[in-house]
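Scroll down for the structure; my scribbles are underneath it.
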Amino acid sequence: MVSVLIGHPFSARLPTVILVTGAAGFIGSNFVLEWLRATGEPVVSLDALTYAGNLENLASLEGDARHHFVRGDITDRALVDSLLAKHRPRAIVHFAAESHVDRSIHGPEAFLRTNIHGTFVLLEAARHYWASLRGDAPEAHAAFRFLHVSTDEVYGSLAADDPAFTETHPYQPNSPYSASKAASDHLVRAWHHTYGLPVLTTNCSNNYGPFQFPEKLIPLVITRALRGEPLPVYGDGMNVRDWLYVTDHCEAIRMVLERGRLGETYNIGGWNEKSNIEIVRTVCALLDEMQPDSVGPRERLITFVTDRPGHDRRYAIDARKIADEIGWQPAETFETGIRRTVRWYLDHAGWVEGVLSGRYQDWVQSHYADRDTPAS
Ligand code: NAD
Ligand code: DAU
């Protein structure tokens, strides 16, 4: 592990490194890549490599001394303690979670385990590590941050004419997923108010872009449309989400980490409210343009199916606080971001094939089969 000092307020006696949980997932991997591009500051990645974690997302960092990957579970307190003691990070950026609403409806337990208990374990480990810095590294103690990545779904559902979610909107989670994320947000808040842990929480809208697992709407539609399979649209297709290109989210998190006020929450969104049917039609049209189908336009594949139980009608983010306080604005419009995304999936057929065939999970099994203790 090579530590590079790049003008961070930490003492020169300490390495500047951050610990990123869930780093092999969709947003986590984009974050690590964006972070290294923007700061050059080393990263220790911690990920359990569930079905959603894919080391191919981080393949471009192979041999990069600034990146160190550890396979492990955030509920493993001994592992988390050892990573903190060994690498002495200046921040923990916490993405690891079970993230798919449909899966939470079919099997909520894993969501409670990782999203609630896992966050609790990280908070406790962070609290003790942070306290240990007080005596021997007071600057590091003062600069330490725990950034918790959360979702707009904690706020519940909006009616068509309701104003967008602000940071003071009441919590009204409706799915097992959003309830587990809301619980984790409350734990983070409590660890700040009770123990003074220097925390920041971000609540973001729907992300899209490279490396997203094709269980989520946009990559699901792209990958199924390319195979000529039906495109399932829940209910009447008029549920509304706000969409943000993933690297914009990553940049926002980096900026909140550097400039956010301790104990505060920041909503992150793209000012891009779209109905699901509009999203699906847009993706079909872009695929038709970039890779025409001899059978005809892909819209023919759209199939309205039974609605998701408890399906939230509308999410919308008021992102004025992060714009005013932190100076963040999304760089991509929906039009540019969705075009880049469709292009990326067309250009990365091998990645898609690996994910859909389970090839990377086979690799995880064979690569880690003989190791019961994760490397640190
Ligand atoms: P993802 O499912 O693609 O990735 C989650 C990652 O966490 C995977 O790599 C997985 O292996 C890892 N993980 C799961 N359980 C773990 C455990 N117990 N220990 C260690 N690692 C574990 O999710 P994502 O879409 O990248 O979301 C990342 C975070 O951002 C989540 O906290 C999610 O709630 C939040 N978020 C996501 C969106 C979105 O649109 N995807 C929007 C707002 C907030
Ligand atoms: O709002 C932020 C959240 O966005 C994140 O916290 C979650 O981790 C992320 O998964 C996402 O949740 P959604 O439930 O909004 O994402 P999903 O892609 O599953 O669905 C988007 C919309 O599309 C939703 O209204 C349900 C609908 N949908 C989804 C699928 C998978 C369909 O109509 N058909 C589908 O097959």
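Since we're looking at a predicted model, the values are computed, not measured. One-based numbering, in listed order, for ligands and for the atoms of each.
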Under 4.0 Å from a heavy atom of His100: which atoms of ligand 2 are those, numbered in the order shown and with their elements? 19 (O)
Checking heavy atoms under 4.0 Å, the part of Asp152 that sits near ligand 2 is side chain
Nearest neighbour in protein (non-hydrogen) for atom 3 (O) of ligand 1: Phe26 N, 3.0 Å
Is any side-chain heavy atom of Arg66 closer than 4.5 Å to one of Glu41? no
With nothing but distance in play, are any N or O atoms of Lys181 less than 3.5 Å from an N or O of ligand 1? yes
Aromatic Tyr315 / basic Arg241 pairing, under 6.0 angstrom, 45° off normal: yes
His94 versus ligand 1: do any nitrogen or oxygen atoms come within less than 3.5 Å of each other? no
heavy-atom search around atom 42 (C) of ligand 1 in the protein gives Ser205 O, 3.2 Å
Atom 35 (C) of ligand 1 sits nearest the protein heavy atom Val149 CG1, 4.1 Å
Side chain or backbone of Val101 under 4.0 Å from ligand 2, or both, or neither, by non-hydrogen atoms? side chain
Spatial distance of atom NE2 (His249) from atom CD (Glu34) [nearest 0.5 Å]: 11.5 Å
Can you confirm whether the side chains of Thr201 and Arg189 place a donor and an acceptor under 3.5 Å from each other? no
Looking at ligand 1, is there an atom of it that comes within less than 4.0 Å of some heavy atom belonging to Phe95? yes
Does the side chain of Asp248 come within less than 4.5 Å of Trp328's, by heavy atoms? yes
When you compare the side chain of Ile279 with that of Leu217, does any pair of heavy atoms fall below 4.5 Å? yes
Just let me know how Ala97 lines up against ligand 2, side chain, backbone, both or neither, with a heavy-atom cut-off below 4.0 Å. neither
Minimum non-hydrogen distance to atom 33 (O) of ligand 2, winning option of Phe26, Tyr234, Tyr208, Tyr177: Tyr234
Does any N or O of ligand 1 fall below 3.5 Å from an N or O anywhere on Ala96, backbone included? no
Considering Arg313, Arg241, Glu215, Arg308 one by one, which has a heavy atom nearer to atom 17 (P) of ligand 2 than any of the others? Arg308
Between Lys181 and Ser99, do the side chains contain an N or O donor and an N or O acceptor separated by less than 3.5 Å? no
Note the single closest protein heavy atom to atom 5 (C) of ligand 1, along with its residue, its atom name and the distance in Å. Ala97 O, 3.4 Å
Is Thr194 close to Trp191 at the side-chain level, that is, under 4.5 Å between some pair of heavy atoms? no
In plain terms, say whether Asp47 and Arg71 are close enough for a salt bridge, that is, a side-chain N and a carboxylate O under 4.0 Å apart. no
Identify, for atom 23 (O) of ligand 1, the protein heavy atom at the shortest distance, and state residue, atom and that distance. Ser99 OG, 3.2 Å
Salt-bridge present (Arg313, Asp236; N to O < 4.0 Å): yes
Is there at least one pair of N or O atoms, one from Asp73 and one from ligand 1, spaced under 3.5 Å apart? yes
Check whether any heavy atom of Ala24 sits under 4.0 Å from an atom of ligand 1. yes
Side chain to side chain, Glu98 and Thr50, heavy atoms closer than 4.5 Å: yes
May I ask you to identify the nearest protein heavy atom to atom 19 (N) of ligand 1, giving residue, atom name and distance to one decimal place in Å? Ile74 N, 3.0 Å
Note: Glu258-Arg90 ion pair, threshold 4.0 Å (strictly below): yes
Considering heavy atoms of the protein only, find what lies nearest to atom 11 (O) of ligand 1 and give residue, atom and distance to 0.1 Å. Asp47 OD1, 2.6 Å
Decide, yes or no, whether a salt bridge links Glu124 with Arg127 under the criterion of side-chain N to carboxylate O below 4.0 Å. yes
Counting non-hydrogen protein atoms only, what is the nearest one to atom 41 (N) of ligand 1? Give residue, atom name and distance. Ile27 CD1, 3.7 Å
Atoms of ligand 2 under 4.0 Å from any heavy atom of Thr151, numbered from 1 in the order shown, are 1 (O), 2 (C), 3 (C), 5 (C), 6 (O)
Could you say whether the N/O atoms of Thr50 and ligand 1 ever approach to under 3.5 Å? yes
Examine Arg340 relative to Trp344 and say whether NZ or CZ is less than 6.0 Å from the centre of the six-membered ring and inside a 45° cone about the ring axis. no
With the threshold set at under 4.0 angstrom, would you say Tyr177 reaches ligand 1 through any of its heavy atoms? yes
For ligand 2, which atoms sit closer than 4.0 Å to a heavy atom of Leu220? 36 (O)
Pull out every atom of ligand 2 sitting under 4.0 Å from any heavy atom of His311, numbered as shown with elements. 24 (C), 25 (O), 26 (C)
Is ligand 1 less than 4.0 angstrom away from at least one heavy atom of Thr21? no
